[in-house]
2 protein chains.
Amino acid sequence: MSLHEVPTVAPKCGDCPIRHRAVCARCEVDELALLDAIKYYRSFEAGQTVIWAGDRMDFVASVVTGVATLTQTLEDGRTQMVGLLLPSDFMGRPGRTNAPYNVTATTDLLMCCFRKKPFEELLSKTPHIAQRLLEMTLDELDAAREWMLLLGRKTAREKIASLLAIVGRRDASLNLRAPSGRLAFDLALTREAMADYLGLTLETVSRQMSALKRDGVIELEGKRHVIVPDYDLLLDEAGDDSDGGFLV
Amino acid sequence: MSLHEVPTVAPKCGDCPIRHRAVCARCEVDELALLDAIKYYRSFEAGQTVIWAGDRMDFVASVVTGVATLTQTLEDGRTQMVGLLLPSDFMGRPGRTNAPYNVTATTDLLMCCFRKKPFEELLSKTPHIAQRLLEMTLDELDAAREWMLLLGRKTAREKIASLLAIVGRRDASLNLRAPSGRLAFDLALTREAMADYLGLTLETVSRQMSALKRDGVIELEGKRHVIVPDYDLLLDEAGDDSDGGFLV
DNA sequence: CGTTACGTTGACAGAATTCAAAAGTAGTGG
DNA sequence: CCACTACTTTTGAATTCTGTCAACGTAACG
């Protein structure tokens, strides 16, 4: 555990921001009480590692606030992001003792943790938790497969456009709007993180961002604030009609 | 439904070859009886489409024998395989009405199907089914993420070596041996299917197969029978020490 | 003001795709 | 049995895209 880890007092489940979307979403009050009894909070600062691939992992957790990434690496250092944990997303796996991926906080992060053993017992006794977890896992699997299409078959330009379309859409959905026409949002990823996400080098990411800007598909204010004059045009550049549903 | 679809008589669950690995693996006799009451079999010939992406899908199913692929395509025809269904693998998703991927039989295929509605009801009443399904889905998610690393960061040569290592290992595990030293197996995929799997063109697949042969990493008898003189050498070529666990 | 992290750009090399042709394989029907 | 067709696979040559290496710019911060 890192020296910089910040201890935090526990909020109540009742006013938890992810109460209706996380693994506990379907729980009744009595079930919630059981979870409440075994939960504890941990927080991490931006940049900290939550866990290393291969390390023993005796807890599972939900992201309450912040963003974390899952990455895998080859021996020579090539790394690929394989998942993005947003608020309400679940991390860890019942029935496994070691972490399969590196988990890193990319922003300040608050996690609601459960010791694995008690959680597993609860899982077998509380169908509502197992059902919700199944649903969430199926969603993640769909997202991973959408991502595979991107990694395997899209050009660098299409990859960048896809990423921007996804982030833009998620941002719009937070503001309860359907993404269309003009759109603006902050991109909380470095060029390197984008590269790891898309299976590219950071130089290629930079080049394609410049190209999209030159072609009027996007505008940039500073490095991280993106303006999309025409969302449909961006979708065209992404190469798929369906605006692949991952990362919602 | 295709004209060529072959009707089949129903085997009993008791002597079903996937009884101990499929979604029904954890079921007690009484639970099995409930599943048995709603199951029916369908079979497909090699090359037939099981379902198209977007089509209404009112059943879920387990693969009993044979192999099927899940593929996604972009408008212009680029296609990426996003999943491989082997015996005991599960297809379909409770709580969804339309198929997200194309499913194609690559060999003759026998599936054990359940109408979705009754299956969903069973799922909420029978924790053993839900638990097993969760477990299988988590395994698939791990496999998908391993695959993402391959698609995003491996070279063509590493991709081919990885695929051969995986198929070889699965084949060895069927014979109850740990893969090591000399190994031989049939590769039930065309060059094009390999390409779709790995995010390459079929020409590149062919070239790299030739290169691995030239370098003594593999030997070929005919086009589809592969001999691996030294499994560890093949793993080296695959680029990851860990012999990524997917597709087991 | 130097240091550091992040981002952009250029030149070049290398990897993979594209286009094209030819060779191997399998199945069909005369 | 052979000719014919359709399909798969291999190989070559040229092109294109992306990665690599390197230089430079910019912003934040002590």
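To find a chain, count down the sequence lines: A is the first, B the second, and so on, and within it residues start at 1. Being a predicted model, the structure only gives us computed values, none of them experimental.
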Distance in angstrom units between B/Met209 CE and D/dT10 P, rounded:
7 Å
When rounded to whole Å, the CG to C1' distance for the pair A/Leu198 and D/dG19 reads 15 Å
Who are the ring pair (Phe, Tyr, Trp, His ring centres under 6.0 Å) partners of A/Phe185, not counting sequence neighbours?
none
A/Phe90: ring pair (Phe, Tyr, Trp, His ring centres under 6.0 Å) partners, not counting sequence neighbours
A/Phe119
Can you tell me which residue pairs pass the salt bridge (Lys or Arg N to Asp or Glu O under 4.0 Å) test with a partner in residues 184-203 of chain A, sequence neighbours excluded?
A/Asp196-B/Arg153
Just the rounded figure in Å: distance from P of D/dT16 to CZ of A/Arg157.
17 Å
Mind calculating the distance between CD (A/Gln80) and P (D/dG19) to the nearest angstrom?
11 Å
How bent is the helix from C/dC1-D/dG30 to C/dG30-D/dC1, measuring the angle between the end axes built from five pairs each, rounded to 10°?
30°
Check the distance between D/dG19's P and A/Arg207's CZ and give it to me in whole angstrom.
9 Å
Check side chain to side chain donor-acceptor pair (under 3.5 Å) between A/Asp108 and all other residues, then give those that pass, not counting sequence neighbours.
none
Could you tell me which residues satisfy side chain to side chain donor-acceptor pair (under 3.5 Å) with A/Thr201, sequence neighbours excluded, listed by chain and number?
A/Thr204
Any protein N or O atoms within reach of nucleotides 22-30 of chain D? Criterion: under 3.5 Å, listing atom names and distances.
none

A/Thr155, nearest nucleotide to its side chain (from D/dT18, D/dT10, D/dT20)
D/dT18
Is it true that B/Arg21 and B/Asp89 have a side-chain N and a carboxylate O under 4.0 angstrom from each other?
no
Listed by chain and number, what are the side-chain contact (heavy atoms from CB on, under 4.5 Å) partners of A/Ala61, not counting sequence neighbours?
A/Phe59, A/Met111, A/Cys113
Within the structure shown, what part of the strands sits under 4.0 Å from A/Gly47 by heavy-atom distance: base, sugar-phosphate, or nothing?
nothing
Under 4.0 Å between any heavy atoms, over every strand shown, what does A/Ser206 touch: base, sugar-phosphate, or nothing? Just pick one.
base
At 4.0 Å (heavy atoms only), tell me whether B/Leu200 reaches a base, stays on the sugar-phosphate, or touches nothing.
sugar-phosphate
Under the side-chain hydrogen bond (donor to acceptor under 3.5 Å, both in side chains) rule, what pairs show up with a residue in residues 208-223 of chain B, not counting sequence neighbours?
B/Arg157-B/Asp215
Using a heavy-atom cut-off of under 4.0 Å over every strand shown, decide if B/Arg153 touches base, sugar-phosphate, or nothing.
nothing
In terms of the nearest nucleotide of DNA chain D, which residue is placed more toward the 5' end: B/Glu192 or A/Ala156?
B/Glu192
Listed by chain and number, what are the salt bridge (Lys or Arg N to Asp or Glu O under 4.0 Å) partners of B/Asp76, not counting sequence neighbours?
B/Arg78
Of all nucleotides in DNA chain C with an atom under 4.0 Å from a non-hydrogen atom of chain A, which is the first and which the last going 5' to 3'?
C/dC6 to C/dA11
So, B/Thr49 side chain and B/Thr104 main chain: donor-acceptor pair closer than 3.5 Å or not?
no
Does any donor-acceptor pair link the side chain of B/Arg191 with the base of D/dT11 at a separation under 3.5 Å?
no
Are the charged groups of A/Glu140 and B/Arg145 less than 4.0 angstrom apart, N to O?
yes
Taking salt bridge (Lys or Arg N to Asp or Glu O under 4.0 Å) as the definition, give me every residue that meets it alongside B/Arg93, ordered by chain and number, with sequence neighbours left out.
A/Asp139, A/Asp142
